[in-house]
Q: 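This structure is in structure tokens; I'll ask about it shortly.
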Amino acid sequence: MFDPFALPFFQRGIVEILLLASVSGLLGVWIVLRGLAFYAHAVGTAAVPGLVLADGLGFSAIFGAFGAALVMAALIALLLRRRSVGGDSATAIVLAGALALGVILASDVFGSQGSVDRLLFGSLLAIGTPELVLAAVAALAAAAATAILGPRWLAAGFTDRNGNSDSLLIALIALAAVAALAAVGALLATAILVVPAATTRLIIKRLPAWQLTTAALAAAEGVIGMILAYQLNVPPGAAIAVLAGIVFALVAVAVLIHQRRPRLAPLALTLLGLSALAVAGCGSDDGGEASSSKITVAATTTQVGDLVREVGGDAVTVKQILTPNSEAHDYEPRPNDVGAVAASKIVFASGLGLDAWSTKLVKESGSEAEVVDLSSGLPVSHATGEGEAHADEKEGEEHGETDPHWWHDLTNLEAATTEVETALIAADPAAKDQITANADAYRAKIKKVDEQIRACLNKVPANERLIVTDHDAFVYFTERYGVTSKGAVFPSTSTQGQASAGEVAALEKLIREEKVKAIFPESSLNPALAERIASDTGASSDYTLYGDTLGAADSPEGTVLGAEAANAKAMVAGMTGGKERCTIES
Amino acid sequence: MHDRVLSGEPLVRSNRLAARYPGASVPAISSITFAVEAGQRVALLGPNGGGKSTLFRAITGELAPSSGELELGVGHPALVPQSERSRLDYPVSALDVALMGSVSRLPWWRRPSRADRALARESLRRVGLEDETNTTFGELSGGQRQRVLVARALVQDSPLLLLDEPFAGIDAPSAELLAALFDQLAAEGRGLLMATHDIEQARSWDLVLCCNRVQIAFGDPAQVLTREVIERTYGSSLVPLPGDESLAITPPHHHDHFEADR
Ligand SMILES: Nc1ncnc2c1ncn2[C@@H]1O[C@H](COP(=O)(O)OP(=O)(O)O)[C@@H](O)[C@H]1O
Ligand SMILES: [Mg+2]
């Protein structure tokens with residue numbers, strides 16, 4: 001393994017976390033002192049509608065988030081004018097409104113939410129110039145405001161417990177929350193902005209010292225969290241949040257013991273600290289792999305990983321970024337992923353927006369890898385929503401986007417095999433013979449499975465081949481084998497769409513009228529709504545499909561061909577009420 | 001009741017003032033007519049919930065009058081709040097708190113200067129806390145905290161001081177020190193309005209304002225503080241204590257007793 005500090009993406013992450021640590025030191029104390037922690041959390045989360053607007057109308061996400069945060073701050077201030085509304089209630093009211101607006105904008109106005117989610121889960125490993133600039137602006141503004149207005153804020157908080165009246169402080173916290181949002185995501189922003197100040201509060205009793213210690217603690221937690229994240233291969237935002245929580249707990253316990261039995265405190269703190277270090281150390285002996293002459297390539301999704309392994313065989317080392325059952329849309333990179341991408345000669349991407357983060361990942365990792373988008377040049381393509389027969393018969397073409405689940409049509413998989421073959425040979429000409437042999441064998445296997453799936457589905461009369469799925473991920477499959485999809489539980493191709501009550505009712509009516517026998521939950525989604533609809537309509541929801549992700553690595557469904565075979569078997573069993581079964585050899 | 005002819009410019013003057021909290025159906029105080037002049041010590045008597053703190057809030061502008069007039073003379077009044085409201089867990093030293101007094105005098109972009117710090121130290125010295133300047137506020141005794149709050153008001157350098165029960169629950173040395181300081185401040189020409197429960201102390205001041213949601217009386221304590229006025233002020237009967245010239249009052253049973261409107 002290599003020194004993380006030598007990697008550009010790691011360096012940028014460190015700079016970003018240090019900037020945010022100074023914001024945390026300067027503003028965190030005011031957040032804690034003025035009881036604004038919930039506001040700080042909410043103002044970041046409430047950026048959703050701003051992000052959706054920015055995504056939909058095509059302006060900068062950071063402006064969208066900050067704009068939404070400012071509007072939220074203004075609304076809270078307005079509500080607070082009415083003294084009958086308490087600070088946290090006002091915040092909760094506005095937050096709920098903002099989230100609802102975000103959902104409506106995302107599902108009903110703009111129709112897609114994929115990239116919005118990615119912003120809600122920022123990553124310290126994917127810090128670009130805009131994020132750095134934003135954090136620097138937040139740090140400078142916080143420093144200037146504290147220098148000039150600090151005494152005033154201090155005096156105001158002393159006389160008035162609910163000091164929500166300083167609009168500049170409120171706006172600065174909004175700016176800080178948005179900066180933290182870009183770095184660690186909305187859910188963990190408070191771990192950076194609030195927890196360090198709350199921790200040092202337990203020990204430090206005076207203001208400038210409190211700010212300095214907080215900044216130092218936040219910086220230490222940030223840097224150590226980054227290093228731990230790198231060694232344990234977990235997302236850094238989560239590592240920092242957990243670390244901050246542990247430090248807070250340790251300090252709180254030590255302070256408690258100190259108050260009860262002063263002489264035991266240092267001992268207890270040392271013991272707790274040592275055990276924490278031991279825990280950290282346990283996972284860190286994750287040694288490097290023996291380097292060989294093999295070339296290393298990265299694959300974004302489980303399907304692409306399987307394909308590249310089939311074609312590359314022993315000639316290449318494949319680093320696969322997504323794991324089975326993780327959701328392509330809300331992925332947050334882990335340090336090893338970035339390291340893997342940085343070390344790769346080629347990054348194979350699935351494309352069509354499914355793994356849009358891969359481009360940024362490659363760029364921020366400082367990798368020179370060539371990105372091969374397997375979705376370019378596929379023989380078969382379908383628009384999103386095509387083949388979907390919603391109750392309201394709305395035209396799926398309205399987005400004009402191509403459905404990204406192309407591998408469910410095995411002719412596409414065959415074409416992608418050839419693309420992978422060409423790219424690998426170009427990268428490692430010495431392994432040409434081996435790679436060509438692998439590719440030939442795989443193409444033959446694809447053909448065999450394709451024929452068996454067709455034979456299997458032909459056991460069901462064409463007019464009974466009706467299915468309802470969780471989300472519209474199967475148009476490539478249904479179109480190829482003459483299956484009719486009658487609709488989806490989640491209306492848009494993204495798994496983030498939310499079904500409205502009317503849509504669910506329409507879908508249930510359709511299932512009854514068309515005598516659809518089965519609804520197919522998807523392995524990576526929460527089956528609750530599918531099961532609800534199934535029990536309402538008497539359809540079965542017993543058969544699971546592999547849509548966005550493959551099964552576990554060592555299961556039969558852990559390969560694309562295994563998953564497609566399983567999908568075919570599940571559909572046949574579901575459509576015939578379990579009467580027909582078939583076997584497919586892959 | 002007692003319409004005094006006022007000489008000079010009063011530091012604060014009200015005429016049939018009433019003030020109501022947002023959402024409340026009836027005013028917390030009404031019919032308040034009084035004035036405080038430079039150099040005058042005015043005691044404000046009233047039961048718990050009688051509206052003493054509310055009157056201070058009206059004078060500082062925190063609560064707008066709902067009817068009547070309220071006029072302020074030069075300068076913003078300095079308030080020494082009821083100490084139960086100040087935060088013991090606040091991360092500040094005695095000096096920091098005293099220095100807060102300068103903030104209200106300065107334009108928003110100015111930080112307290114060296115001169116302001118010197119004034120804060122001097123004010124702490126006047127309240128006898130020159131040795132505690134760096135002690136955390138919450139670690140001081142109740143009487144010391146009260147003195148720090150008085151020092152903060154001194155730093156504001158206001159001609160009118162509003163003292164909300166400054167003697168409540170403090171130690172005897174602090175009380176003596178403050179009593180002497182208040183006399184001194186009046187002698188310097190400042191006006192003092194002090195809420196108190198101590199009728200004997202009120203007798204020794206220049207004027208007394210009795211208030212139980214409405215004004216009961218205002219004037220010279222020697223004339224105003226009759227048994228009838230005190231009874232109406234406290235809403236309870238007076239019992240003569242054996243061996244004592246003064247009158248004792250049976251205290252109200254509960255604070256909420258007077259909060260019928262909430
Ligand atoms: N912030 C507030 N909002 C609404 N009512 C209040 C508020 N503060 C005090 N009151 C009410 O105003 C009345 C006078 O209270 P206050 O001025 O605090 O009395 P005192 O200081 O004489 O004990 C009481 O009935 C009290 O309940
Ligand atoms: Mg009071």
Side-chain angles (χ1 to χ4, degrees), chain A residues 25-35 78-86 89-90 143-163 165-169 196-214 252 255 259, chain B residues 20-24 53 56-57 60-64 78-113 116-117 120 133-140 145 148-149 152-153 155-156 162 164 262:
Chain A
L26 290 163
L27 290 185
V29 300
W30 299 115
I31 296 176
V32 170
L33 210 49
R34 307 292 283 274
L78 266 182
L79 271 181
L80 284 175
R81 288 269 162 82
R82 306 178 52 84
R83 288 207 161 209
S84 50
V85 183
S89 318
T146 304
I148 299 170
L149 296 174
R152 209 158 281 271
W153 288 344
L154 190 68
F158 186 71
T159 22
D160 181 8
R161 261 163 199 279
N162 311 313
S165 48
D166 294 297
S167 36
L168 189 70
L169 180 59
T199 307
T200 45
R201 176 86 207 259
L202 298 169
I203 323 172
I204 312 286
K205 305 282 183 222
R206 213 49 59 65
L207 197 65
W210 182 21
Q211 283 175 310
L212 283 177
T213 336
T214 304
V255 167
Q259 285 162 353
Chain B
R20 186 167 51 190
Y21 286 100
S53 300
F56 287 143
R57 267 174 223 140
T60 58
E62 196 187 320
L63 193 61
L79 173 71
V80 177
Q82 227 167 329
S83 55
E84 65 208 53
R85 285 183 76 205
S86 56
R87 303 173 58 168
L88 300 186
D89 58 348
Y90 215 67
V92 283
S93 65
L95 183 65
D96 290 334
V97 175
L99 208 49
M100 288 174 188
S102 65
V103 166
S104 59
R105 276 191 287 114
L106 297 172
W108 68 265
W109 67 89
R110 287 265 314 275
R111 290 176 63 87
S113 65
D116 294 315
R117 295 189 154 267
T133 47
N134 288 320
T135 312
T136 301
F137 181 74
E139 286 166 5
L140 295 168
R145 285 201 299 276
V148 173
L149 296 178
R152 180 179 68 165
V155 171
Q156 289 183 45
L162 307 175
D164 199 348
R262 300 202 75 209

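Proteins come first, then strands; the chains are lettered A, B, ... in the order of their sequence lines, and each starts at number 1.
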Q: For the side chain of A:Arg152 and the backbone of B:Val103, is there at least one donor-acceptor N/O pair under 3.5 Å apart?
A: yes
Q: For B:Tyr90 and A:Lys205, indicate whether the former's side chain and the latter's backbone hold a donor-acceptor pair under 3.5 Å.
A: no
Q: Between B:Gly23, B:Pro112, B:Ser93, B:Gly101, which shows the greatest number of heavy-atom pairs under 4.5 Å with chain A?
A: B:Ser93
Q: By a 4.5 Å heavy-atom criterion (distance strictly below it), what part of A:Leu149 contacts chain B: side chain, backbone, both, or neither?
A: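 Side chain only.
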Q: Checking heavy atoms, do the side chain of B:Leu106, its backbone, both or neither come under 4.5 Å from chain A?
A: both
Q: Going through the distances and angles, do A:Leu154 and B:Met100 end up as a side chain to side chain contact (heavy atoms under 4.5 Å, CB included)?
A: CA-CA 8 Å; A:Leu154 190 68; B:Met100 288 174 188; 3.9 Å; yes
Q: How about B:Leu99 and A:Pro151: do any of their side-chain heavy atoms sit closer than 4.5 Å?
A: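 They are not in contact (no side-chain heavy atoms under 4.5 Å apart), so the answer is no.
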Q: Using a cut-off of 6.0 Å, state whether more than 12 heavy atoms not belonging to B:Arg117 lie near its atom CZ.
A: no
Q: Please classify the contact of B:Arg110 with chain A as side chain, backbone, both or neither, using a heavy-atom distance under 4.5 Å.
A: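 Backbone only.
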Q: For A:Arg206 and B:Thr135, work out which heavy atoms get closest and say how close.
A: NH2-C, 3.9 Å
Q: Give the C-alpha distance, both sets of side-chain angles, the deciding distance and a yes or no for side chain to side chain contact (heavy atoms under 4.5 Å, CB included) between A:Leu207 and B:Val92.
A: CA-CA 6 Å; A:Leu207 197 65; B:Val92 283; 5.6 Å; no
Q: With a 4.5 Å heavy-atom cut-off, do A:Phe158 and B:Leu149 have their side chains touching?
A: yes
Q: So, applying side chain to side chain contact (heavy atoms under 4.5 Å, CB included) with B:Pro91, which one of A:Leu33, A:Val29, A:Val32, A:Ile204 is it?
A: A:Leu33
